[in-house]
Amino acid sequence: MTYDLVRGMYDILPDEIPWWQLAEDAVREMARRYNYREIRVPLVEHTELFTRGVGEATDIVTKEMYTFQDRGERSLTLRPEGTASVARAYLTHGWQTREPFQKLFYLGPMFRYEKPQKGRNRQFHQYGIEVLGALDPSVDAEVIAFAWSLMEILGLGGRILDCKETACQSFIAQAPGSADHLCPECAAHFEAVQGWLNRLGLAYDMDPRLVRGLDYYTRTVFELMSSDLGSQDTLIGGGRYDGLIEMLGGPPTPGIGFAGGLERLVLVLRERRANDVKTERLDLFIATVGEEGRRVGMKLATELRRLKKISISVDIDHRARTLRKQMAQANQLYARTVIVLGEDEARVGRGKLKDMDSGEEREVPLDPESLAELVYPACDDGCAGGCAGGCGGDSCSDHGN
RNA sequence: GGGAGCGUGGCGCAAUGGCUAGCGCACUGGGUUGUGGUCCCAGGGGUUGCGGGUUCGAGCCCCGUCGCUCCUCCCA
């Protein structure tokens with residue numbers, strides 16, 4: 001091993017990707033249902049955005065930021081969280097005057113210089129939502145409902161939800177705990193939020209000691225926790241940040257949102273839904289024999305892949321392996337069908353199409369369109385887990401885990 | 001930041017301080033010339049995380065260092 005991974009960084013390998021996509025798809029699906037639009041903000045921002053936005057005194061700012069100077073001697077920082085950047089984008093694009101009410105979500109890598117641990121790396125991934133421009137308690141309820149729905153769609157419902165409201169940020173610092181010390185409006189807001197949660201049937205526990213680590217939180221703060229994680233048991237954390245936009249130089253604008261860690265979600269999903277991720281099957285493997293077979297095979301493969309009307313996955317041997325090895329390879333790819341092409345097939349323009357599950361073979365013409373139709377997976381049982389594509393059917397197998 | 005444990009081929013493991021560091025999985029090739037998932041045979045791949053020390057002799061012991069895991073802390 002010549003190069004080691006940088007501490008806190010890690011590769012997500014192809015075998016693990018299905019779990020990530022399961023989690024990411026769920027976030028996107030829920031964003032669609034709740035009508036939140038995706039926003040993609042840069043990984044790099046001016047350092048000051050975070051020192052002012054997240055807070056000078058927070059752990060994130062004082063000891064966890066990846067800060068560096070660029071060639072223009074600007075102090076830049078790899079984003080440690082998403083909210084500050086989204087708030088910045090809100091102002092950058094003048095939304096405060098044009099379209100002050102925004103419902104947004106994001107998904108992507110964040111960076112914090114921390115001691116790596118299970119479910120906590122230096123480059124990690126968060127998803128989150130933000131609602132800007134509305135102070136109504138129903139928004140708090142919607143945001144919490146979103147978090148709740150997300151856990152449900154992932155099959156992780158029934159976990160614990162903590163909810164707490166404190167007064168303003170300064171108040172958190174001075175007197176953590178005690179819902180009695182709330183300012184009158186805050187108390188009313190808190191009561192209203194609870195009313196909504198009850199009406200929506202969202203279970204929650206009050207935790208008077210819950211204090212979140214970011215300076216910008218005000219009023220409502222909440223967490224969703226999982227019993228399946230060790231010491232990193234917070235799945236989602238969020239709250240209201242009514243002072244943030246103003247702190248960044250904009251007009252007074254209320255905001256609320258939450259963020260969750262993707263790797264923790266993936267850990268829990270692997271734990272609880274071990275059998276739900278299906279391995280994708282290859283629709284057709286083209287096995288070739290000899291030079292002529294290779295020529296015909298490559299041409300056919302490319303034509304099949306370029307078809308406009310029908311989408312099938314096709315692969316072909318590139319290492320001039322024996323037919324036997326190519327069959328084994330097709331098997332490893334969970335190929336649904338295999339077609340063997342050699343000189344004979346090239347000459348007559350027909351080939352033998354083998355069904356890898358039944359073992360049956362039949363003669364077929366080498367015409368791309370008709371072949372694609374023969375190979376295209378039938379729609380019988382819908383494969384759970386959201387296989388791509390238009391077929392409601394068997395584009396998954398139960399071979400893998 | 002504090003505490004504990006662990007680092008041996010890609011992965012999972014083995015090796016009373018003593019021969020060329022083994023095994024499983026995976027990988028590559030073969031089991032007559034063009035057919036898979038089983039099976040059989042063969043093969044490649046490790047300066048035992050790194051650096052020092054003790055010893056006639058270290059993968060095993062000691063020190064340091066880096067990394068990983070867990071707890072605590074913080075959080076997503």
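The number of heavy-atom neighbours closer than 6.0 Å to CD of A:Glu16, taken from other residues, nucleotides and ligands shown, is above 12.
Between A:Glu369 and A:Lys309 there is a salt bridge, with a side-chain nitrogen of the basic residue lying less than 4.0 Å from a carboxylate oxygen of the acidic one. A:Glu363 and A:Arg350 are joined by a salt bridge, as a carboxylate oxygen and a charged side-chain nitrogen come within less than 4.0 angstrom of each other. Note on A:Arg306 versus A:Glu303: no salt bridge recorded, every NZ/NE/NH1/NH2 to OD/OE distance being 4.0 Å or above. A salt bridge between A:Lys103 and A:Glu130 is absent, with no side-chain N of the basic residue lying under 4.0 Å from a carboxylate O of the acidic one. In summary, A:Arg32 and A:Glu29 engage in a salt bridge, as defined by a charged side-chain N under 4.0 Å from a carboxylate O.
Looking at the side chain of A:Asp59, the nearest of the listed nucleotides B:rG29, B:rG36, B:rC74 is B:rC74. Picking from B:rC70, B:rA76, B:rG30 the nucleotide with the shortest atom distance to the side chain of A:Lys118 gives B:rC70. The A:Asn331 side chain lies nearest to B:rG36 when the options are B:rG34, B:rG36, B:rC74.
With rounding to whole Å, A:Asn121 atom CG is found 7 Å from B:rU69 atom P. Put simply, CG on A:Leu269 is 20 Å from P on B:rA76, counting in whole angstrom units. Separating the CD atom of A:Gln126 from the P atom of B:rC75 is a distance of 13 Å, rounded to the nearest angstrom. Atom pair A:Met327:CE and B:rU38:C1' shows a separation of 15 Å (rounding to whole Å applied). A:Arg281 has its CZ atom 16 Å from the P atom of B:rG37, to the nearest Å. Following rounding to the nearest Å, A:Leu267 (CG) and B:rA76 (C1') show an atom-to-atom distance of 12 Å. One interatomic measurement links the two molecules: CG of A:Asp11 to P of B:rG10, which rounds to 15 Å at whole-angstrom precision. Per the geometry, CZ belonging to A:Phe258 stands 19 Å off P belonging to B:rC75, to the nearest Å.
Contact annotation for A:Ala330: no contact, since no heavy-atom pair falls under 4.0 Å across all strands. Contacts of A:Phe124 with the nucleic acid, taken as non-hydrogen atoms under 4.0 Å apart, include base atoms. Note on A:Gly290: nothing from the nucleic acid sits closer than 4.0 angstrom, heavy atoms only. At a threshold of 4.0 angstrom between heavy atoms, the contacts of A:Gly8 are confined to the sugar-phosphate backbone, with no base atom among them. When heavy atoms are screened at a 4.0 angstrom cut-off, A:Glu361 is found touching base atoms of the nucleic acid.
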Using distance only, find each side-chain donor-acceptor pair of residues 342-349 of chain A under 3.5 Å and give its atom names and separation, not counting sequence neighbours.
| unit_1 | atom_1 | unit_2 | atom_2 | d |
| --- | --- | --- | --- | --- |
| A:Asp344 | OD1 | A:Arg347 | NH2 | 3.4 |
| A:Glu345 | OE1 | A:Gly342 | N | 2.8 |

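Contact annotation: side chain of A:Glu345 to base of B:rG34, donor-acceptor pair present below 3.5 Å. No hydrogens or angles were tested; on distance alone, a donor-acceptor pair under 3.5 Å links the side chain of A:Arg264 to the base of B:rC75. With hydrogens and angles ignored, a donor-acceptor pair under 3.5 angstrom links the side chain of A:Arg120 to the base of B:rC74. For A:Gln332 and B:rA26, a side-chain-to-base donor-acceptor distance below 3.5 Å is absent, hydrogens and geometry of angles not being considered. A donor and an acceptor atom never sit less than 3.5 Å apart when one is taken from the side chain of A:Lys115 and the other from the base of B:rG1.
Judged by a 6.0 Å distance limit and a 45° cone about the ring axis, A:Arg281 is not positioned over the six-membered ring of A:Tyr334.
B:rA21 and B:rC60: their P atoms are spaced 14 Å apart (whole Å). Comparing the same atom, C1', in B:rU65 and in B:rG9 gives a spacing of 24 Å after rounding to whole Å. The same atom, C1', is picked in B:rG59 and in B:rG43; the two are 26 Å apart, to the nearest Å. Atom name P, nucleotides B:rG22 and B:rG44: the rounded distance is 13 Å, in whole Å. One P atom belongs to B:rG18, the other to B:rA58, and the distance between them is 11 Å to the nearest Å. Annotation: B:rG31 and B:rG37 have their P atoms spaced 14 Å apart (nearest Å). Straight-line distance between the P atoms of B:rA76 and B:rA15: roughly 44 Å, to the nearest whole Å. Between the P atoms of B:rC27 and B:rC63, the separation comes to 42 Å (whole Å).
The ring of A:Phe124 has its center no closer than 6.0 angstrom to the ring center of A:Phe111. Aromatic pair A:Phe146/A:Phe105: centroids not less than 6.0 angstrom apart.
With a 3.5 Å ceiling on both atom-pair distances, the Watson-Crick or G-U wobble partner of B:rG1 is B:rU72. Within the shown strands, B:rA42 is the pairing partner of B:rU28 under the Watson-Crick or G-U definition, both distances less than 3.5 Å. In this structure B:rU55 sits in no base pair that meets the Watson-Crick or G-U test at under 3.5 Å. Nucleotide B:rC23 forms a pair with B:rG12, judged by Watson-Crick or G-U wobble geometry with both contacts under 3.5 Å. Across the strands present, B:rG67 finds its partner in B:rC6; the criterion is a Watson-Crick or G-U wobble pair with both atom distances under 3.5 angstrom.
Using a 4.0 Å cutoff on non-hydrogen atoms, no part of residues 27-36 of chain A comes near RNA chain B.
Residue A:Arg321 places at least one side-chain N or O closer than 4.0 Å to OP1 or OP2 of B:rG29. Between A:Arg324 and B:rG31 there is no side-chain polar atom (N or O) within less than 4.0 angstrom of OP1 or OP2. Of the side-chain N and O atoms in A:Lys352, none sit less than 4.0 angstrom from OP1 or OP2 of B:rU35.
Taking the nucleotide of RNA chain B with the nearest heavy atom to each of A:Leu323 and A:Glu64, the more 5' of the two is matched to A:Leu323. Take the nearest nucleotide of RNA chain B for A:Thr322 and for A:Asp355: the residue whose nucleotide is more 5' is A:Thr322.
Using a 4.5 Å cut-off on side-chain heavy atoms (C-beta onward), A:Thr77 and A:Glu45 make no contact.
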